[in-house]
Amino acid sequence: MAGSDPKDNPYLAHHYNGRKGAGPSTPSPSIKEPLSGFRPRKVTGEQVRKALNGDINPFTKQRHTPQYRKILEARKKLPVYAQMDEFLKIFSENQVIVVVGETGSGKTTQIPQFVVYSDLPHTKGKLVACTQPRRVAAMSVAKRVADEMDIQLGRHVGYSIRFEDMTEPGTTFLKYMTDGMLLREAMKDPSLERYSTIILDEAHERTVATDVLMGLLKGVAKRRSDLKIIVMSATLDALKFQNYFSLRSGVSTPLFKVPGRTYPVEVIYTQEPEPDYVEAAIRTVLMIHRAEEEGDVLVFLTGEKEIEDACRKIRLDAEDLINQDSESVGPLVCIPLYSSLPPQQQQRIFDAPPAARSTGGPRGRKVVVSTNIAETSLTIDRIVYVVDPGFSKQKGYIPRIRAESLLVSRISKASAQQRAGRAGRTRPGKCFRLYTEKDFMSEMEEQTCPEILASNLTITVLELVKLGIKDLVRFDYVDAPAPEALTRAIELLYYLGALDNGNLTALGATMAEFPIDPQLSKLLIVSPEFKCSNEMLTITAMMSVPNVWFRPYDQKQQADAAKALLTLPDGDHLTLLNVYNQYKRNIHDKNWTWTHFLSHRALQQAGNVRAQLQRTMERFNIDLLSLSDEKELYTNIRQTLVCGFFMQVAHKGEKGNYLTVKDNQIVVLHPSCGLKPQPKWVLFNEFVLTTGPFIRTVSEVKPEWLLEYAGGYFDISTFPKGETKRALQRIINKKASKSSARVDSGKDDRKAKKKKNKGMKTKVSNKKKV
DNA sequence: GAGCACTGC
């Protein structure tokens with residue numbers, strides 16, 4: 001038989017030779033090669049089971065540890081393990097497979113291992129990739145699978161996320177990674193040649209990156225018959241993916257179903273709609289505490305204020321309840337949970353429930369009141385009761401006015417199902433839905449809106465163009481964005497100079513290398529012309545991370561006072577620069593961030609992003625410059641901002657309110673804005689519709705700069721009639737009369753000329769990069 | 001008078 005001597009097996013020769021005389025753990029030649037007789041993609045379940053039960057690890061050639069055997073026995077109890085033969089058969093016979101499995105099915109850990117045993121990527125110098133929407137998931141699943149395979153993490157099994165590559169080139173053949181990371185790799189190699197199989201996990205979450213990858217991979221599969229694709233999803237939108245990959249390819253995509261392994265959850269609806277869901281949620285928590293047996297409670301609300309208010313009321317009401325009947329009602333702790341909470345406070349959700357006040361007395365209960373963060377990102381143990389009012393804050397995007405929105409909206413059925421599932425992780429549970437069954441059936445959407453339909457697509461469009469997609473409107477999206485969303489993105493890229501006649505310019509190609517919004521990468525590229533690239537690097541990094549300011553519910557005044565100390569009057573962008581510089585100056589003082597109400601995690605992340613962006617700048621020979629004169633430096637920084645954010649400018653009208661230029665939208669400075677007094681012209685980073693039309697991260701600009709550095713957009717003839725146009729016209733007239741007066745007197749406006757040269761230099765240096 | 005959750009060689 002071919003496998004009697006491992007050297008006869010072409011797939012194992014490399015490994016066998018590599019181990020020759022490698023020490024006491026080297027198997028003697030009499031021990032049979034664990035993978036002998038394995039033919040790639042023709043492997044059977046029987047063969048895999050035999051290898052799994054064998055003494056020798058087929059990948060490391062070491063003896064299996066006792067720990068391995070223990071984990072293997074647990075793996076054998078997973079529902080998916082029993083379906084190994086069926087999976088391997090489908091994998092052998094198809095190029096694309098859709099896998100559906102509820103939580104607890106083991107699909108994320110087991111399917112990639114089945115694939116490895118069948119595909120044998122290490123024998124052809126390829127990898128199997130499995131993508132996750134979140135970094136923590138990629139890391140923790142890779143660790144788990146490395147343990148299951150008896151392999152040191154980072155060797156044959158590894159992970160790759162932004163800022164951390166835990167893989168060994170040439171050795172790693174199973175790689176967990178974030179979906180964004182694979183998308184970045186695709187921009188370098190659009191056929192993803194390194195991979196023999198790509199598994200897109202959690203596809204139902206429909207992140208922009210997963211959606212773009214699905215569209216891309218559908219095309220790659222046609223060119224590369226050797227590439228296998230597996231799309232894994234938790235809910236029944238798997239049918240949608242199945243149709244998507246079958247359509248027009250002429251081959252139907254099989255569906256592989258894996259049963260979940262969670263405990264049953266009883267779902268209880270209200271008889272009548274609840275007019276006030278917060279009040280109803282509080283009432284339900286107390287009803288559970290009074291009447292239901294032991295077990296912790298998870299309540300879903302929509303935001304920080306709502307959660308803090310509800311926690312306070314629950315604590316007060318629980319106290320009343322205990323005072324009335326301390327014999328039968330146990331102690332209760334109520335813990336808020338949302339992302340902007342400092343990490344130490346987030347940790348409280350893992351505390352044990354309070355102990356009974358006396359031995360034999362009524363048991364204590366933990367209540368966690370959380371945003372959607374507990375729906376997917378964080379898992380809390382021992383939750384038995386879920387209270388689901390049916391709402392969450394959801395992001396939207398209005399392309400017409402380029403505004404993001406964040407509004408309380410009804411959740412989808414899929415989301416409600418996910419919330420209910422959180423009650424059944426340790427034992428059978430109950431889910432109290434604070435809406436009627438009729439509303440569930442008729443008022444709620446099946447699926448949460450895919451992110452690609454609710455996002456600003458500027459960076460996505462730039463990525464697609466870089467991936468070689470010529471016709472963005474006819475690209476094969478799973479769900480196509482509104483044409484207006486695409487045209488608005490294309491328009492902005494055109495004004496930024498990234499696109500020309502539908503083609504990527506040299507400038508655009510450079511911009512695409514930066515993992516930040518195109519407006520921001522444009523700033524970095526032009527900043528040397530204004531001698532402030534070191535500072536722009538900091539500011540763009542700070543604008544690319546979450547809000548660095550904490551504003552705890554019960555210390556608002558102290559937080560505001562701390563923030564005022566670091567605020568610069570010229571604008572929020574310069575304040576961001578100041579905060580980062582002060583943070584670096586005080587980096588050895590462990591209490592500094594805490595006493596200034598700043599998020600250490602966010603600032604650290606800004607440092608990481610800054611270093612990454614700096615490496616990219618160096619790669620493209622973009623000079624890192626600073627000016628020693630602070631006043632001039634600050635002015636130049638604000639001028640640089642105009643080069644990227646010229647479309648995000650507002651002008652204060654005669655009535656004292658701000659109007660965005662061209663779109664004429666009424667906007668209000670966000671209360672977090674540090675500008676005083678309110679200037680005539682402002683440039684902003686974000687326009688968000690929440691409780692009002694707010695602009696956030698705002699700096700003062702001079703109208704002359706708009707005409708000078710963004711003349712293409714500020715072409716007066718393209719402006720709608722109105723206050724803003726009249727104001728700009730006045731500036732132009734003033735300038736014209738000034739310069740004609742100067743020409744008459746034979747003087748030269750040296751300053752204006754110098755600035756003009758700057759703009760030209762920018763253009764020339766962009767062209768140099770062709 | 002105030003922001004759900006993620007992510008990026």
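Both backbone and side-chain heavy atoms feed into the values below; hydrogens, waters and symmetry mates do not. Proteins come first, then strands; the chains are lettered A, B, ... in the order of their sequence lines, and each starts at number 1. Since we're looking at a predicted model, the values are computed, not measured.
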Can you find a side chain N or O atom of A/T691 that sits less than 4.0 Å from OP1 or OP2 on B/dA2?
yes
Is A/F514 touching bases, backbone alone, or none of the nucleic acid, heavy atoms closer than 4.0 Å?
nothing
Which nucleotide in B/dA5, B/dG8, B/dG1 has an atom nearest any side-chain atom of A/P671
B/dG1
Considering heavy-atom distances to DNA chain B, does A/Q612 or A/L406 have its closest nucleotide positioned more toward the 5' end?
A/L406
Within 45° of the axis and under 6.0 Å from the centre of the six-membered ring of A/F440, does NZ or CZ of A/R433 qualify?
yes
Examine B/dG8: is either OP1 or OP2 under 4.0 Å from a nitrogen or oxygen in the side chain of A/T178? Give yes or no.
yes
Assign A/E185 to base, sugar-phosphate, or nothing according to its heavy-atom contacts below 4.0 angstrom with the strands shown.
base
Please confirm whether the shortest side-chain N or O distance from A/R135 to OP1 or OP2 of B/dG8 is below 4.0 Å.
yes
On the nucleotide B/dC6, are OP1 or OP2 found under 4.0 Å from the side-chain N or O atoms that A/T207 carries?
no
Nearest of B/dC6, B/dG8, B/dA5 to any side-chain atom of A/R134?
B/dC6
Within the structure shown, what part of the strands sits under 4.0 Å from A/S339 by heavy-atom distance: base, sugar-phosphate, or nothing?
sugar-phosphate
Give the rounded distance in Å between these two atoms: CE of A/M543 and P of B/dT7.
21 Å
For A/F163, which contact category applies under a 4.0 Å heavy-atom criterion: base, sugar-phosphate, or nothing?
nothing
Could you pick out which residue, A/E404 or A/P546, lies toward the 5' side of DNA chain B when each is mapped onto its nearest nucleotide?
A/E404
N or O in side chain of A/T376 less than 4.0 angstrom from B/dA5 OP1/OP2
no
Pick base, sugar-phosphate or nothing for A/Q132, based on heavy-atom distances below 4.0 Å to the nucleic acid.
nothing
Would you classify A/L183 as touching base, sugar-phosphate or nothing, given that sugar-phosphate means primed atoms plus P, OP1 and OP2, and contacts are heavy atoms under 4.0 Å?
nothing
Nearest to the A/D560 side chain among B/dG8, B/dA5, B/dA2, which nucleotide is it?
B/dA2
Dump the intermediate steps for side-chain contact (heavy atoms from CB on, under 4.5 Å) on A/L464 and A/V212, then the final yes or no.
CA-CA 8 Å; A/L464 284 168; A/V212 172; 3.8 Å; yes
Got a donor-acceptor contact below 3.5 angstrom from the A/D572 side chain to the A/G674 backbone?
yes
What's A/E513 touching, base or sugar-phosphate or nothing? Going by heavy atoms closer than 4.0 Å.
nothing
Just checking A/K305: base, sugar-phosphate only, or nothing, at a heavy-atom cut-off of under 4.0 Å?
nothing
Sorted by chain and residue number, the side chain to side chain donor-acceptor pair (under 3.5 Å) partners of A/Q665 (sequence neighbours excluded) come out as none
Which of B/dG8, B/dA5, B/dA2 is nearest the side chain of A/E463? It is B/dG8
Holding to salt bridge (Lys or Arg N to Asp or Glu O under 4.0 Å), I want the full list of residues that pass it with A/R184, two or more places apart in sequence or in another chain.
A/E463
